[in-house]
Number of protein chains: 4
Amino acid sequence: MKNVNKTKKLIFDAAIKSFSQKGFHKTTVDEIAESAGVAKGTLYYHFKSKEEIFKFIIDEGTRIIEEEILDRTEHLEDPVEKLRTICYVHIELVTKHVEFFKTILSQMWGNEERQNQLRDVLAGYFKLIEKYLTEAADEKYIKDKNMEIIAFNFFGVMISTIIYSLMHREKNVKDLADTFVDFIMGGIGK
Amino acid sequence: MKNVNKTKKLIFDAAIKSFSQKGFHKTTVDEIAESAGVAKGTLYYHFKSKEEIFKFIIDEGTRIIEEEILDRTEHLEDPVEKLRTICYVHIELVTKHVEFFKTILSQMWGNEERQNQLRDVLAGYFKLIEKYLTEAADEKYIKDKNMEIIAFNFFGVMISTIIYSLMHREKNVKDLADTFVDFIMGGIGK
Amino acid sequence: MKNVNKTKKLIFDAAIKSFSQKGFHKTTVDEIAESAGVAKGTLYYHFKSKEEIFKFIIDEGTRIIEEEILDRTEHLEDPVEKLRTICYVHIELVTKHVEFFKTILSQMWGNEERQNQLRDVLAGYFKLIEKYLTEAADEKYIKDKNMEIIAFNFFGVMISTIIYSLMHREKNVKDLADTFVDFIMGGIGK
Amino acid sequence: MKNVNKTKKLIFDAAIKSFSQKGFHKTTVDEIAESAGVAKGTLYYHFKSKEEIFKFIIDEGTRIIEEEILDRTEHLEDPVEKLRTICYVHIELVTKHVEFFKTILSQMWGNEERQNQLRDVLAGYFKLIEKYLTEAADEKYIKDKNMEIIAFNFFGVMISTIIYSLMHREKNVKDLADTFVDFIMGGIGK
DNA sequence: TATGAATGAGGCTTCATTCAT
DNA sequence: CATGAATGAAGCCTCATTCAT
């Protein structure tokens with residue numbers, strides 16, 4: 001993280017924890033401050049507003065995810081293998097940072113400024129997935145479709161996997177990932 | 001709708017409109033009352049609380065959706081045709097009631113009482129999709145997988161379609177539905 | 001006062017007292033509420049904001065002053081007599097509502113919205129004085145000058161009288177008024 | 001200025017600018033520090049408090065004004081000419097330092113310690129005007145009245161000129177000054 | 001001398017809910 | 001059934017001041 005000293009990190013950690021567990025609106029600034037072990041004023045010294053904290057978290061979060069994906073895929077040659085790896089990485093990340101994803105999912109539907117910004121950030125992330133899909137299609141490994149919407153579908157299946165594990169407290173990453181990949185690659189038809 | 005007189009219906013309509021456009025927390029009781037053209041006290045005469053109104057909407061909404069699905073599929077014989085129709089119906093419904101779905105999507109992730117109840121309602125709805133999937137699998141029309149998780153994936157792809165149309169203001173229901181079905185049935189692999 | 005029920009009047013009275021004694025910024029909403037004997041929420045039920053209360057007071061105050069002036073002058077024929085009476089009325093009012101005038105005087109110099117509005121209200125009041133001055137000039141009772149600026153000077157002399165009585169705790173209205181009138185009418189030159 | 005090194009002067013200049021434009025309460029210490037180009041801590045090294053800065057400005061400001069008046073009048077013999085010059089000097093100063101005067105005018109009405117001190121300073125300034133008036137009266141050049149209150153009226157007319165120029169954005173110093181002198185010397189009566 | 005991160009009291013405002021009519 | 005005035009807890013944010021470096 002850049003431009004982040006110790007105190008700001010404390011606030012960041014406290015905030016992501018609260019936002020994830022209780023959502024944006026239910027999380028109070030007092031709570032974050034107390035949880036971070038700093039005074040409320042300190043929080044406002046480092047962030048302009050509650051919204052600003054949220055945005056900072058989203059930015060950092062997506063950055064971390066994108067980095068992880070790059071790290072894990074750049075040494076791979078086979079496009080399909082890359083996609084498969086992306087699936088695995090996603091399931092891992094989602095399982096590891098469930099609360100972070102829930103925060104995003106609860107905030108991406110409205111029309112408040114914060115929510116529009118969130119969708120902008122996500123758009124960049126979708127573009128990344130789209131890039132990988134296009135590469136695979138270019139080399140004839142997958143169907144040549146409207147890759148933009150396919151990228152969204154990819155995201156959708158991932159979401160559904162979260163919901164499933166949420167509702168069933170399923171923690172077996174390997175199984176989840178395999179089902180994910182199967183579905184993505186082959187659909188349900190015979 | 002049962003046990004719903006004229007005034008209660010007014011409140012219901014106003015509430016769904018507000019929740020859809022602004023989310024649960026950002027919608028105020030004053031707003032609903034004003035939009036419904038009744039006094040705030042009246043609203044509390046018909047509903048115990050703001051949460052109660054929300055729950056009422058969710059219950060009614062899912063009931064309507066389920067009814068629509070049944071109406072449109074019960075005369076069909078071919079299981080795959082049924083699934084295909086469900087896809088179409090969903091895209092239609094989502095496009096028609098996009099605000100209602102956004103409301104659900106923003107509220108299904110947290111751990112507040114209201115949100116847990118919402119997930120319970122959704123569980124019933126997932127079961128319905130699962131039933132159709134199982135029927136199709138039983139008759140060897142589709143792959144025989146863990147139908148529970150497939151039902152969730154089905155939901156996920158639908159969500160992603162909402163996001164896509166949200167971000168691109170795409171309104172062509174036919175195209176969206178076709179992409180949806182293709183993806184569901186065949187995945188992306190060659 | 002119009003559209004003012006009992007509670008709103010209570011708030012009005014409490015607010016004018018506080019604003020006058022402590023100025024706009026030093027007066028807290030809690031204070032007004034407590035002094036009015038109502039809950040803070042009640043205050044916001046009747047007024048949109050602290051600024052709104054202030055504006056309401058200014059509007060009512062100037063209205064009362066203008067009414068008093070009209071009441072006391074409309075039966076008079078002689079223009080100079082009218083002016084003289086206006087002087088008396090002003091000194092009386094200022095003496096009676098010293099705190100109200102101090103509030104105005106402390107708030108009329110800045111560029112905040114509230115302060116611009118205040119000056120707009122005062123402009124109307126200045127116009128009233130100007131009207132009387134012009135009448136007197138038309139009938140050759142006083143010098144024919146730029147009556148607009150003379151109206152302001154009139155106001156200025158009044159202010160200075162407040163300052164004087166403020167600093168010397170002078171309460172003799174009659175004497176103050178006579179000095180006021182003398183100065184206005186004849187200046188200091190021989 | 002005495003005991004004023006470079007840094008303190010920077011703060012002084014920044015503070016007077018801010019106080020003038022936004023008033024005492026609306027001006028923040030951060031703002032002054034930033035505008036002065038120093039850290040907030042530095043500001044507190046040179047001044048004990050925000051109030052202290054304000055007081056320092058008032059003291060310096062009135063000192064400068066008094067000096068200017070003395071400079072411009074001490075070589076004059078004729079008392080009336082002196083008064084006339086004082087009028088001109090005032091209008092010039094007010095026009096030149098309009099923000100400084102607005103600051104004073106907004107702060108001279110309350111009962112906070114700072115405001116009481118301000119009135120004390122002003123009292124000295126009024127005494128100066130009174131001195132000139134008394135001299136002129138002694139030599140039979142102007143009416144022999146209660147010179148104390150006349151000094152205040154003098155101030156009042158000056159204030160009204162500020163208001164006028166504020167409201168009309170009138171910048172013609174010469175005209176304003178002439179009207180000022182005329183009014184002071186001859187009043188409005190015929 | 002100078003800095004700027006940290007503080008926390010205190011301010012304004014919102015809003016779900018109640019209750020007397 | 002319906003009303004709407006009243007409530008007060010709780011939320012977000014500001015800002016003068018302090019203090020360790």
Side-chain angles (χ1 to χ4, degrees), chain A residues 5-8 10-11 25-34 36-53, chain B residues 5-8 10-11 24-34 36-53, chain C residues 5-8 10-11 24-34 36-53, chain D residues 5-8 10-11 24-34 36-54:
Chain A
N5 61 17
K6 201 178 149 207
T7 305
K8 193 163 182 177
L10 283 174
I11 297 168
H25 281 110
K26 275 285 182 181
T27 297
T28 70
V29 171
D30 279 83
E31 205 174 288
I32 298 174
E34 192 190 335
V38 301
K40 213 183 337 184
T42 306
L43 194 149
Y44 278 93
Y45 181 80
H46 290 281
F47 296 93
K48 230 172 55 198
S49 67
K50 186 183 170 187
E51 302 255 345
E52 195 88 342
I53 301 177
Chain B
N5 63 15
K6 199 177 150 206
T7 304
K8 193 163 181 179
L10 283 173
I11 297 169
F24 181 80
H25 280 110
K26 275 286 183 179
T27 297
T28 67
V29 173
D30 279 81
E31 213 171 281
I32 298 173
E34 192 193 333
V38 301
K40 215 181 341 182
T42 307
L43 193 148
Y44 276 89
Y45 180 83
H46 289 281
F47 296 93
K48 222 176 61 199
S49 67
K50 186 183 169 186
E51 302 258 343
E52 195 87 342
I53 301 176
Chain C
N5 61 18
K6 199 177 150 206
T7 305
K8 192 163 183 179
L10 282 173
I11 298 168
F24 182 81
H25 282 109
K26 275 284 182 182
T27 297
T28 70
V29 171
D30 279 82
E31 205 174 288
I32 298 173
E34 192 191 334
V38 300
K40 216 183 331 186
T42 305
L43 194 150
Y44 278 91
Y45 181 80
H46 290 281
F47 295 92
K48 230 172 53 200
S49 66
K50 186 184 170 187
E51 302 256 345
E52 196 89 340
I53 301 177
Chain D
N5 64 15
K6 199 177 151 206
T7 304
K8 194 163 181 178
L10 282 173
I11 298 168
F24 181 81
H25 280 109
K26 274 284 182 182
T27 296
T28 69
V29 173
D30 278 81
E31 212 171 280
I32 298 173
E34 191 192 333
V38 301
K40 217 183 337 185
T42 307
L43 194 148
Y44 275 89
Y45 179 82
H46 290 282
F47 295 93
K48 222 175 62 198
S49 68
K50 185 183 170 188
E51 302 257 344
E52 195 89 341
I53 302 176
F54 180 80

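Letters A, B, ... mirror the listed sequences (proteins, then strands); counts begin at 1. Fair warning: this is a prediction, and the values are worked out from it, not measured in the lab.
Distances from the side chain of Lys50(B) to the nucleotides dA16(E), dC12(F), dC12(E) place dA16(E) closest. In the set dG8(E), dA2(F), dC12(E), the nucleotide with an atom closest to the side chain of Thr7(B) is dA2(F).
Classification of the His25(B)-His25(A) ring pair by plane angle, with boundaries at 30° and 60°, yields tilted.
Comparing Phe24(D) and Ser49(A) along DNA chain F, the residue whose closest nucleotide (by nearest heavy atom) sits nearer the 5' end is Ser49(A). Position along DNA chain E of the nearest nucleotide to His25(B) versus Gly41(D) favours Gly41(D) as the more 5'-ward residue.
Regarding Lys26(C), its NZ atom lies at a distance of 11 Å from the C1' atom of dG10(E), rounded to whole Å. Taking atom CZ of residue Phe47(A) and atom C1' of nucleotide dA6(E), one finds them 15 Å apart after rounding to whole Å. As rounded to whole Å, 13 Å separates atom P of dT7(E) from atom CD of Glu34(A). Look at OH on Tyr45(B): it is 17 Å from P on dA20(E), rounded to the nearest Å. Summarising the geometry, the separation between OH on Tyr44(B) and C1' on dA6(F) is reported as 14 Å, rounded to the nearest angstrom. Counting to the nearest Å, the C1' atom of dC15(F) and the NZ atom of Lys48(A) are 17 Å from each other. Atom C1' of nucleotide dA16(E) and atom CG of Asp30(B) are separated by 9 Å, given to the nearest angstrom. Put simply, CG on Leu43(C) is 15 Å from C1' on dC15(E), counting in whole angstrom units.
For dC1(F), the OP1/OP2 oxygens have no side-chain nitrogen or oxygen of Thr42(B) closer than 4.0 Å. Proximity of His46(D) to the phosphate of dA2(E): a side-chain N or O atom is located under 4.0 Å from OP1 or OP2.
Donor-acceptor pairing under 3.5 Å, judged by distance alone, is absent between the side chain of Lys40(C) and the base of dT7(F).
Applying the Watson-Crick and G-U wobble criteria (two distances, each under 3.5 Å), dA20(E) pairs with dT3(F).
Note that CD1 of Ile53(B) and CG of Leu43(B) are 4.0 Å apart. Values are rounded to the nearest 0.5 Å. Distance NE2/His46(B) to NZ/Lys8(B): 8.0 Å, rounded to 0.5 Å.
Shortest non-hydrogen contact noted between Ile11(A) and Ile32(A) is O-CG2, 4.1 Å.
A donor-acceptor contact shorter than 3.5 Å links the side chain of Lys50(A) to the backbone of Thr27(A).
Across all strands, Thr28(D) comes closer than 4.0 Å only to sugar-phosphate atoms, never to a base (heavy-atom distances).
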